[in-house]
Amino acid sequence: MRALLLCSCLALLPGRAGGQPFLRLRPSPSDNLPVKDIVEHPDPEYDPKEQDLDERALRKKLGSHFDPGFMAVAAPGNASGGSSGGSSGGPGPAELRRLEPGPRLRLGRKARRKVLQWLWAHTRCPVLYAWKDLGVRFWPRYIKEGTCLAERSCSLPEGMFCKPVRSVTKTFLRWHCQGWSSQKYCTWIPVQYPLIAECKCSC
């Protein structure tokens, strides 16, 4: 029994996934999101075959975890997923409206609105979404992954940048093989894939 348990544990270690050297079975937990690309073993022998990609069977296996908002079986027509319309992690319009320009600066209503709009545009931290191809060994194959805008500072004065502050996990199916050559056994297993859910302006 101990030997069986040990073999099962070794099969899940990175780089020793039952005959698939260099394969990371699951996305590695990390504070750095989005998840880095997983390096796959190049041998197509470890790819799922046509009979393993029956959509009805895979949908049934994934069950309620299938999220069409973040998953796609076929390549989405629009490569960009847009940006989040919810919490941005920065000061919202209501918070900005409460800011006072100061005793030396008197602004009219229109000018004040333009200043607030400019501040909002330069300090907000939306989640930017784009579709990513995970490869044939994940199902669904395509995921809508989020990133934080990091091309410019989000603070005045400059020095702070948009960074992930909250993540969610989505369940995908991962094609996993154990053993070697004709003796190997392959099947779909559920894995957790972390996604950025919120960005915030921080140091």
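Quantities reported herein were computed from a predicted structural model and do not represent experimental measurements.
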Are [Y] and [X] linked, directly or through intermediate hydrophobic residues, by side-chain heavy-atom contacts shorter than 4.5 Å (ILVMFWY only)?
X: Ile143; Y: Leu33; value: yes
X: Leu134; Y: Leu53; value: yes
X: Leu173; Y: Val191; value: yes

Nearest 0.5 Å please: distance from the [atom1] atom of [X] over to the [atom2] atom of [Y].
X: Thr147; Y: Leu128; atom1: OG1; atom2: CG; value: 4.5 Å
X: Trp139; Y: Leu58; atom1: CH2; atom2: CG; value: 5.0 Å
X: Thr169; Y: Leu195; atom1: OG1; atom2: CG; value: 8.0 Å
X: Arg137; Y: Arg174; atom1: CZ; atom2: CZ; value: 7.0 Å

#### Entry: Residue of the set Cys125, Cys201, Cys162 for which disulfide bond (SG atoms under 2.5 Å apart) holds with Cys154
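Only match with Cys154 under disulfide bond (SG atoms under 2.5 Å apart): Cys201.
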Which heavy atom of [X] sits nearest a heavy atom of [Y], and at what distance?
X: Lys163; Y: Cys148; value: C-SG, 3.6 Å
X: Cys186; Y: Trp175; value: CB-CZ2, 3.2 Å
X: Pro164; Y: Ile196; value: CG-CD1, 3.8 Å

### Task
Start with the C-alpha distance between Arg141 and Glu55, add both sets of side-chain angles, then the distance that settles salt bridge (charged side-chain N to carboxylate O under 4.0 Å, His left out), and finish with yes or no.
CA-CA 11 Å; Arg141 178 168 177 166; Glu55 184 175 343; over 6 Å; no
### Task
Could you pull out all residues at least two apart from Asp43 that satisfy side chain to side chain donor-acceptor pair (under 3.5 Å)?
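For Asp43 there are no side chain to side chain donor-acceptor pair (under 3.5 Å) partners, ignoring immediate neighbours.
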### Query
Does Thr187 have any side chain to side chain donor-acceptor pair (under 3.5 Å) partners at least two apart in sequence or in another chain, and if so, which?
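Expected list: none.
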#### Entry: Parallel, tilted or perpendicular: ring planes of Tyr193 versus Phe138, cut at 30 and 60 degrees
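Plane angle over 60°, so perpendicular.
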Tell me, do [X] and [Y] make a side-chain contact under 4.5 Å, heavy atoms counted?
X: Phe161; Y: Ser202; result: no
X: Tyr185; Y: Cys177; result: no
X: Cys199; Y: Leu149; result: no

### Query
In terms of side-chain geometry, is the basic nitrogen of Lys36 or Glu145 positioned less than 4.0 Å from the acidic oxygen of its partner?
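No, this pair does not count.
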Give every donor-acceptor pair under 3.5 Å between a side-chain atom in residues 60-76 and any protein atom, sequence neighbours left out.
{"unit_1": "Asp67", "atom_1": "OD1", "unit_2": "Gly69", "atom_2": "N", "d": "3.0"}
{"unit_1": "Asp67", "atom_1": "OD2", "unit_2": "Lys170", "atom_2": "NZ", "d": "2.7"}

### Message
The test is side chain to side chain contact (heavy atoms under 4.5 Å, CB included); show your working for Lys184 and Tyr46 and say whether it passes.
### Response
CA-CA 9 Å; Lys184 72 178 183 300; Tyr46 295 105; 3.9 Å; yes
### Query
Does CZ belonging to Arg56 count more than 12 external heavy atoms closer than 6.0 Å?
no
### Task
Would you kindly say whether Ser153 and Glu158 are connected by a side-chain donor-acceptor distance under 3.5 Å?
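Distance-only check fails for Ser153 and Glu158.
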### Message
Could you check whether any side-chain N or O of Lys49 sits under 3.5 Å from a backbone N or O of Asp47, counting only pairs where one atom can act as donor and the other as acceptor?
### Response
yes
